[in-house]
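Please read the structure below before turning to the comments.
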Amino acid sequence: MAFRALTQTHIYEKQAAQKEKDKSSIQCLECYAKNVYIGTKNAIVQHLILSQSINGDLSPDPCKTREGRTRKLGTSSHIARLRAVPLFNHLLVLWDRSVTALNMFSLESIPGLNKIQQVSLFEVCDSPLAAPTACVQMVTSSSRRKVIQIHIVGVDRWEVVKVVPLLQEPVALAVDGTSVCLATMDRYLLCDSQTGCSEELFPHNHSRQHVIVASVGQGEFLLNGPESLGMFVMKTGICQRPPLQWPQGVLGAAVCFPYILTLQPQMLSVYSMVDQQHKQTVSLSGAKDGVLVFTESNIFSLQMVPLQEQIQTLVRHERIEEALLLLEGVQSRDPLDSRVTTKGELDPREIIRLYPDIEACLTDDFQSRFVQVNKGTDLQVLRQQDKKAFHHHLCFLGDFLRGVRGTQQGLGCIKELDCALLRLYVELGDFESLQQLVASPNECKLDHCVPVLEQNNRSHNKKKKKKSYLLEAELYHGNQIEAIQTWVQIVDGAHQDSSCSDVYGHIVWTLSQLQDRDAVRTFADWTLQRNQEQRADSIYGNPNSMTSPLCMVCRSVLVIGELWLNSKSCFVPITDRVKSTTLHTEKAILLGRTGEYGEALKVLVHQVRDPEAAEAFCCRASQGQDSQFRQSLLLTLLQIYLSSEALISTAVDLLNNYSRVIAAEKVIQILPDSWSVELISQFLFGSLRETLHQRRMAKLQKFRLDKGQKCTVCQRDLAEPQFARTLHGELMHTSCTSFSSS
């Protein structure tokens, strides 16, 4: 069977008398869920309701398509465009150069949404705007002026919020978020609907009929570029995909990811967005537009063949690299696409068997559903001729296997899957992922994994490797303390082996990952003591490295140290060691733990060079302390800023940000004499206002309002929580204060 990306289904035929066929021909179409709307040449909007099968696909039986309501808008002009707004159940119609809003089901006009007149084009952004009330954005092009207008559309109102002038009249446009891509008669432009700024992309020489602007999604647009090229352009103005080479005379294009459909007279062509190659041709008669394709009287649905079936067909035809590219392209757009990994029936072992060497992980009882293909002409050759491309495929395999690992398909072959991951990590040299795999629950087969690790110098010798693997596996079965204790014995010399020099680093890394407080408490003292006893060169390696044992110790202490270190003195040994390294952030935190707040702030300001981190340090260190302690830390930070002329503006920002915390009289004592009052006016205003507020709050008195107590002016009960009190202690309604002689 030849490869097919899409299948064609006839879903509706419009019946009309012979002499009425031209007048009632379909001009445009819109679809949402099971609702299809058609606009005709004689200004009629018709609602169709498609049947739906259990799996959600449109029924191939046209007899099951029901005709809903119809609405005739007038006697002149055709329906030019239809767009559904499901958020409000609106159907927007472009007819007679006006945009009209109808209800999606009754097709009645929406009260409050008057016609928007003098419109030549319009488009609606699919995603709702972030606003207090639900609304969407609509872009219209004026038929009288060279402008586009940005509208905010609500349930019962719409309004123009921005007008963007243009040098030429637009002939096509598409919207993605706040980005508007449009075409004039000789060029393509990008506009930002928020700022109104526009940017020219490139010129073109197409007629109005052949200009194409389509939204691909995720900030990307497809344009009909020069020399029959389909150009992909991001909202930033750059191209991140190679162009499509399509034939001349393309009339339209639509996206059905990962494919692009182009319309030509009498046929549709299907191109892959992954490798930019032509995949399929669909023959039509009189088609005009869309993934739902229509002729003058018929509507066809082009549905994507299930991705797993596409991949299986490519494998069956020995197009291995093409199958991998398709799978990788889908996953990159929609990571772990459910159509492949959960809804589909694609066995992960079918992908594993495509890779040389890694297919050795499969058990003998696995029987592929496909005829054995000669992969030697594909991935094995690629491995020899293009190592970079082969490495890219290996990385994708890792992403795919990790993605299916927890799915139903993955659980059905978890042993083969974990073994494949281990072999893959070894081949890629990805030690970190390898360590995470063996140090977490896994189903790796020991008889398979030991030779792989042994062959790649990952272990000591076969006997000790086997023991080491079992120890790491124990971490998954709740025996953390026993496993780490054995590693400790190796470090302490109970098991002699010169290749075990980094076991100490592995212990530190493991402790930093554990949440078991008992395990951490058990080995904390040994870890820090061993850190001091060993020679720096043999233990630490490069102490500035973020993966060195010393850094691991730092992170272990900082992340879970509060579980087992109650004394500040316990931080001193590691703090002394860190001081001579470039681990500045860790150094600052450790200094803070030992109470050296000033030194910690100096490190954050002068070495980390992160004022925001320094301010956050002050706030965190003062948690649980009184306001004076926090003020003291901020004043210390201010003095550090004042010691450098380059940090003057930072010092001013600090004062302005904490004007309600730092007392003005304290600040004035340490500010340079050269500073003007104007420079710190914002701080002074905020600080004095806070001081005045606190003084007033201190003078407030509490009064108890007893039931039945009366106003001294009107003698009615004081029933509301708001009331006034005179200097003599008399209580009254706030409304009666103007009548009081007091």
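Just so you know, these numbers use all the heavy atoms, side chains as well, and skip hydrogens, waters and symmetry mates. Quick note: residue numbers are just sequence positions, from 1. The structure displayed is predicted, hence computed values, not measured ones.
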Check: [X]/[Y] side-chain N/O donor and acceptor closer than 3.5 Å:
X      : Y      : answer
Gln117 : Ser98  : no
Gln27  : Ser25  : yes
Ser269 : Gln264 : yes

I need the Asn656 CG to Phe683 CZ distance, nearest 0.5 Å.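 Those atoms lie 8.5 Å apart.
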Tyr271 OH to Gln277 CD distance, which is reported to the nearest 0.5 Å: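 These two atoms lie 10.0 Å from each other.
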Results of ring pair (Phe, Tyr, Trp, His ring centres under 6.0 Å) for [X] - residues two or more places apart only:
X      : answer
His210 : none
His206 : His204
Phe88  : His90

Where do [X] and [Y] come nearest, in terms of heavy atoms and distance?
X      : Y      : value
Asn103 : Ile110 : N-CD1, 3.6 Å
Ser215 : Ala174 : N-CB, 3.9 Å
Tyr658 : Cys619 : OH-SG, 3.6 Å
Val93  : Leu73  : CG1-CD1, 3.7 Å
Gly196 : Val164 : O-CG1, 3.6 Å
Ser120 : Leu94  : O-CD2, 3.5 Å

Tell me if the CZ atom of Phe685 is crowded by more than 12 foreign heavy atoms within 6.0 Å.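 No, not enclosed.
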Whether over 12 other heavy atoms sit under 6.0 Å from Glu612 CD: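 Open.
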Would you check if Leu173 and Val213 make a side-chain contact, meaning some heavy-atom pair closer than 4.5 Å?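 Side chain of Leu173 against side chain of Val213, heavy atoms only: no contact under 4.5 Å found.
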Using the test side-chain contact (heavy atoms from CB on, under 4.5 Å), find all partners of Phe202 that sit at least two apart in sequence or belong to another chain.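 Result, side-chain contact (heavy atoms from CB on, under 4.5 Å) vs Phe202: Tyr188, Leu223, Pro226, Met231, Val233.
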Going by the rule side-chain contact (heavy atoms from CB on, under 4.5 Å), which residues pair with Gln240 if we only count those two or more places apart in sequence or in a different chain?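 Met234, Ile238.
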Taking only distance into account, with no hydrogens and no angle test, what donor-acceptor pairs under 3.5 Å do side-chain atoms of residues 175-185 form with protein atoms, sequence neighbours excluded?
from	atom 1	to	atom 2	distance (Å)
Asp176	OD2	Gln218	N	3.4
Asp176	OD2	Gly219	N	3.0
Thr184	OG1	Gln168	OE1	2.7
Thr184	OG1	Asp186	OD1	3.4
Thr184	OG1	Arg187	N	3.4
Thr184	OG1	Arg187	O	3.3

Under 3.5 Å, which donor-acceptor pairs link side chains of residues 252-262 to any protein atom two or more places apart or in another chain?
from	atom 1	to	atom 2	distance (Å)
Tyr259	OH	Gln310	OE1	2.2

Just by modelled atom types, is the [Y] backbone N or O under 3.5 Å from a matching donor or acceptor in the [X] side chain?
X     : Y      : answer
Lys72 : Asn42  : yes
Arg81 : Phe122 : yes
Tyr37 : Met104 : yes

My understanding is that only residues two or more places apart in sequence, or in another chain, count here; which of them pass salt bridge (Lys or Arg N to Asp or Glu O under 4.0 Å) with [X]?
X      : value
Arg83  : Glu30, Glu123, Asp126
Glu108 : none
Arg69  : none
Arg144 : none

Show your working on side chain to side chain donor-acceptor pair (under 3.5 Å) between Thr70 and Gln46 and close with a plain yes or no. CA-CA 4 Å; Thr70 61; Gln46 183 167 6; over 6 Å; no
Pairwise ring-ring contact (aromatic ring centres under 6.0 Å, His included) hits with a residue in residues 143-168, at least two apart: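 Qualifying pairs: none.
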